[in-house]
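Before anything else, here's the structure in question.
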Amino acid sequence: MGYLISFEGGEGSGKSTVLKKLADYLSQQGHKVVCTREPGGIEIAEQIRNIILDKKNVKMDAKTEALLYAAARRQHLVEKVIPALEKGKIVLCDRYLDSSLTYQGYARGLGIEEILSINQFAIDGYMPHLTLFLDVPPEVGLTRIQKDDEREVNRLDLESMDFHRKVREGYYQLLERFPERIKKINAEHDIETVFKEVLSAVLNYIK
Ligand code: TYD
């Protein structure tokens with residue numbers, strides 16, 4: 001069995017950049033690495049992603065959104081993640097379960113327990129072995145996004161600052177609930193420093 005390592009954090013926390021650097025490093029060390037992301041990562045889940053993040057879909061009900069994330073997660077898990085784990089690969093996933101717990105469960109107010117329970121149905125016990133939470137104040141993260149011309153602004157980026165603050169609070173609650181699994185990394189530092197911290201957490205784990 002391989003390892004499932006998820007990356008979590010608010011908008012503009014630098015997850016994707018750090019994930020790529022980590023993938024390069026681990027591959028050079030001879031590990032077999034798969035990089036993927038949620039929602040998406042495979043065709044069916046990318047299609048679901050387009051529906052969820054479409055700026056036109058302002059009418060989307062919060063529970064519909066939560067169920068669509070869980071559906072995308074399920075398909076991605078069975079089609080991509082489980083086969084890779086069975087081959088002994090390290091799967092680096094940009095967002096996973098905890099995103100739903102904090103965005104839908106906490107920030108949208110549907111309840112962390114409720115979202116955990118619909119997701120348990122979807123993930124069949126496939127919890128991440130390790131989760132890196134890249135923590136950055138929302139003001140800093142959103143400023144980074146606005147400076148990044150290549151990144152398209154999606155429906156969730158357009159939420160209020162209050163929503164993004166809640167997302168961060170939700171992650172803090174998850175840290176308390178899953179202290180063994182989730183490691184908090186200060187992502188206000190420059191990318192090299194953040195990468196070093198992430199790398200040491202990962203190497204500690206996969207040894
Ligand atoms: P994306 O463009 O991938 O954002 P980021 O670069 O910040 O990861 O868009 C994913 C959005 O979906 C992001 O705003 C977080 C949100 N999301 C949820 O609300 N719930 C979830 O379960 C997942 C996986 C993502």
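Below, all heavy atoms of this structure are taken into account, side chains as well, without hydrogens, waters or symmetry copies. Just follow the structure's listing: the first ligand is 1, and inside any ligand the first atom is 1. Everything quoted here is computed from the prediction, not taken from an experiment.
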Seminar exercise, completed: Nearest heavy atom to atom 15 (C) of ligand 1, choosing from Glu38, Gln104, Arg95, belongs to Arg95

For this session: Give a yes/no on ligand 1: does Arg37 have at least one heavy atom closer than 4.0 angstrom to it?
Result: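 Outside the 4.0 Å threshold, so no.
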
Exercise. Where does the angle between the aromatic ring planes of Tyr205 and His129 fall among parallel (under 30°), tilted (30 to 60°) and perpendicular (over 60°)?
Worked result: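 Correct class here is tilted.
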
Exercise. Considering only heavy atoms of Lys15, which atoms of ligand 1 have at least one such atom less than 4.0 Å away?
Worked result: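 What qualifies from ligand 1 is 5 (P), 6 (O), 7 (O), 8 (O).
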
For this session: For the pair Glu197 and Lys184, find out whether any cationic side-chain nitrogen is under 4.0 Å from an anionic carboxylate oxygen.
Result: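 No, Glu197 and Lys184 are not salt-bridged.
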
For this session: Answer side chain, backbone, both or neither: which part of Arg49 comes under 4.0 Å from ligand 1, heavy atoms only.
Result: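 The side chain, only.
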
Exercise. Taking 4.0 angstrom as the limit, do Glu192 and Lys21 come out as a salt bridge?
Worked result: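 Yes, Glu192 and Lys21 are salt-bridged.
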
Exercise. Got a salt bridge between Asp61 and Arg108, using NZ or NE/NH1/NH2 to carboxylate O under 4.0 Å?
Worked result: no

Problem set entry | Mode of Arg73 contact toward ligand 1 - side chain, backbone, both, neither (heavy atoms, under 4.0 Å) | side chain

For this session: Using a strict 4.0 Å threshold on nitrogen-to-oxygen distance, state whether Glu8 and Lys15 make a salt bridge.
Result: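 Salt bridge: no.
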
Problem set entry | Note: Glu11-Arg168 ion pair, threshold 4.0 Å (strictly below) |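 Answer for the salt bridge query: no.
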
Exercise. Looking only at distance, does Tyr69 have an N or O less than 3.5 Å from an N or O of ligand 1?
Worked result: yes

For this session: Give a yes or no on whether a salt bridge exists between Arg177 and Glu113, defined as a side-chain N under 4.0 angstrom from a carboxylate O.
Result: yes

Seminar exercise, completed: Quick look: Leu97 vs ligand 1, heavy-atom contacts under 4.0 Å, and the answer is neither

For this session: Give yes if a backbone or side-chain nitrogen or oxygen of Tyr103 is under 3.5 Å from a nitrogen or oxygen of ligand 1, and no if not.
Result: no

Exercise. Within the structure, does Ser100 bring an N/O atom to less than 3.5 angstrom of an N/O atom in ligand 1?
Worked result: yes

